[in-house]
Amino acid sequence: MAREPVVTEELPLEHFACPNGECGMFNRFGAGNLSVAERMGKAKAIRRLYCNCCGRRFSERQGTLMRYTHLPAETVERVVKCLTYGNSIEATADICGVDPRSVGRILGQGGRRAEDFHRLQLHKLEKPPEVVEMDELHAKVARPPGKKGGRGAAGTRTTGTNALGTRAVTGVVRRVVTGFTWPWR
Amino acid sequence: MEVSCRFVLVMQLGPRTLESAVSMLGQVAGCCGDKPPLLLSDNHLPYPAAILQVFGRVLHRRRHWRRGRLKLKGLKAPPGLMAGVVVKVRDAGGKLLKVKTKAIFGRLKDIRGKIKRLKLGNDINTAHVERFNGTARGRSARLARRTRDVSRRRTPLRAALGLLRDVYNFVHPHAALDGATPAMAIGLAEAPWSVRQYVDYPVHVADWQRMIWAEELENHTRSALDSPKARQLVPT
């Protein structure tokens, strides 16, 4: 017995575009080439759309942050909000009641999508920028915990002398490489 | 950052080297067409060379008296390019003594006039992007100072910065823009987006688009000295 579709706030079809790169209507929003082919998901709430230009079917979630996720939309929204308000992955997972790996997956997927989104938006710019300010922001990428150096640390079986020597050489190399810039204060 | 709209154009992740500066400026050049924008920066040493590499034209030097070796070609700033820097003078202990401004390309008077005309201050400054840096530090746990939440790899840091940039541009209203978002000010949106709108917005990029973008970036970051010589059409 087929389930009844759950009536939720469905976005109009003008909100979507064909994701097939070889289609003539690729990325054209509101072109009138899409129709609802079927419904998917446990609650039949996800629409599968059909492009009458290339004849392909695709999920309405394709290209969004909801793609391939089983989490409800409210949770994904809350995860994004928490991440963009300065919370760590662990804190976000605790606040939203999800697994930290889910937060990491949403972050990674959102980052890749953000790059594409930004590039697409930059191509839509009508007026060129007049004044551009440039600056540097210091951020740290620490070594993974398993690979940290130091005496007795897992993964580094060097003697004290060797470790010290390596560090000294690294310091010299860094100084030479970044010698033409001012040190960060 | 595009200052008058507070729109974050590029967030480049990498060491503070010439390559990073060239890559960042190449992306800026990709969205500004033929007319270069007014560039304001701090006294980071690779910037002048990077600006010349991205926006510069070939400088043909002449020999004096038609004798001697042929002089090597160089790079010169195109007409209309203006760039100013803020120089901080410090003593040996690092204490700030004085803040000076100078023009590295264009006239200082013209740069100050444009800044005043656009109501961005009275002199060359990087106050707006510094303020954004503060916002970014507050809104990303990875950028906070003295934290244990630092990134262990570059990919999540890049992802977090991308997410932060998009939400900053499209979602959060800016107090200096009368409640509008930077995307509204620059003409990319008509109203502030909600996070739900951002999450539900479908983004489709094909492989051929990525190839075009990579080629465009390569063209923008290639120096005028390295670009293939344009052939002159022979009149028939």
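The figures here come from the full heavy-atom set of this structure, side chains too, leaving out hydrogens, waters and symmetry mates. Chain identifiers are assigned alphabetically (A, B, ...) following the order of the sequence lines, protein sequences preceding nucleic acid strands; residue numbering begins at 1 within each chain.
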Exercise for the section: Name the region of Glu126(A), side chain, backbone, both or neither, that has any atom closer than 4.5 Å to a heavy atom of chain B. Expected result: neither

Problem - Engaged part of Asn87(A) at the chain B interface, taking heavy atoms whose separation is under 4.5 Å - result: backbone

Side chains of [X] and [Y]: closer than 4.5 Å at any heavy-atom pair?
X: Arg119(A); Y: Val205(B); result: no
X: Gln62(A); Y: Pro202(B); result: no
X: Asn125(B); Y: Glu133(A); result: yes
X: Lys81(A); Y: Val199(B); result: no
X: Gln121(A); Y: Asp166(B); result: no
X: Leu120(A); Y: His204(B); result: no
X: Arg158(B); Y: Glu115(A); result: yes

Could you have a look at [options] and say which one has the most heavy-atom pairs with chain B under 4.5 angstrom?
options: His123(A), Glu90(A), Lys124(A); value: His123(A)
options: Pro19(A), Pro128(A), Gly111(A); value: Pro19(A)
options: Phe16(A), Phe29(A), Phe26(A); value: Phe26(A)

Heavy-atom distance under 4.5 Å to chain A: side chain of [X], backbone, both or neither?
X: Trp208(B); result: side chain
X: Thr126(B); result: both
X: Arg210(B); result: side chain
X: Leu25(B); result: side chain
X: Phe132(B); result: neither
X: Ala127(B); result: backbone
X: Val28(B); result: side chain
X: Met24(B); result: side chain
X: Val167(B); result: side chain
X: Gln197(B); result: neither
X: Leu120(B); result: side chain

For each of [options], tally heavy-atom pairs with chain A at distances under 4.5 Å, and name the one with the top tally.
options: Leu164(B), Asp42(B), Val8(B), Val171(B); value: Asp42(B)
options: Ser151(B), Gly162(B), Gly138(B), Ala206(B); value: Ser151(B)
options: Leu143(B), Val150(B), Leu188(B); value: Leu188(B)
options: Arg165(B), Met11(B), Gln27(B); value: Arg165(B)

Identify the heavy atoms of [X] and [Y] that sit nearest to each other, and give their distance.
X: Arg137(B); Y: Leu137(A); result: NH2-CD1, 3.3 Å
X: Gly86(A); Y: Ala141(B); result: O-CB, 3.5 Å
X: Glu130(A); Y: Lys114(B); result: O-NZ, 3.9 Å
X: Pro37(B); Y: Pro129(A); result: CB-O, 3.3 Å

Pairwise distance [atom1]([X]) to [atom2]([Y]) - rounded to 0.5 angstrom:
X: Glu77(A); Y: Asp200(B); atom1: CD; atom2: CG; value: 8.5 Å
X: Phe117(A); Y: Tyr198(B); atom1: CZ; atom2: OH; value: 6.0 Å
X: Thr84(A); Y: Leu163(B); atom1: OG1; atom2: CG; value: 6.5 Å
X: Arg142(B); Y: Leu107(A); atom1: CZ; atom2: CG; value: 5.5 Å
X: Leu9(B); Y: Met134(A); atom1: CG; atom2: CE; value: 11.5 Å
X: Arg145(B); Y: Lys140(A); atom1: CZ; atom2: NZ; value: 12.5 Å

Handout entry: Cation-pi check, Arg113(A) onto Tyr201(B) ring (under 6.0 Å, within 45° of axis)
Key = no

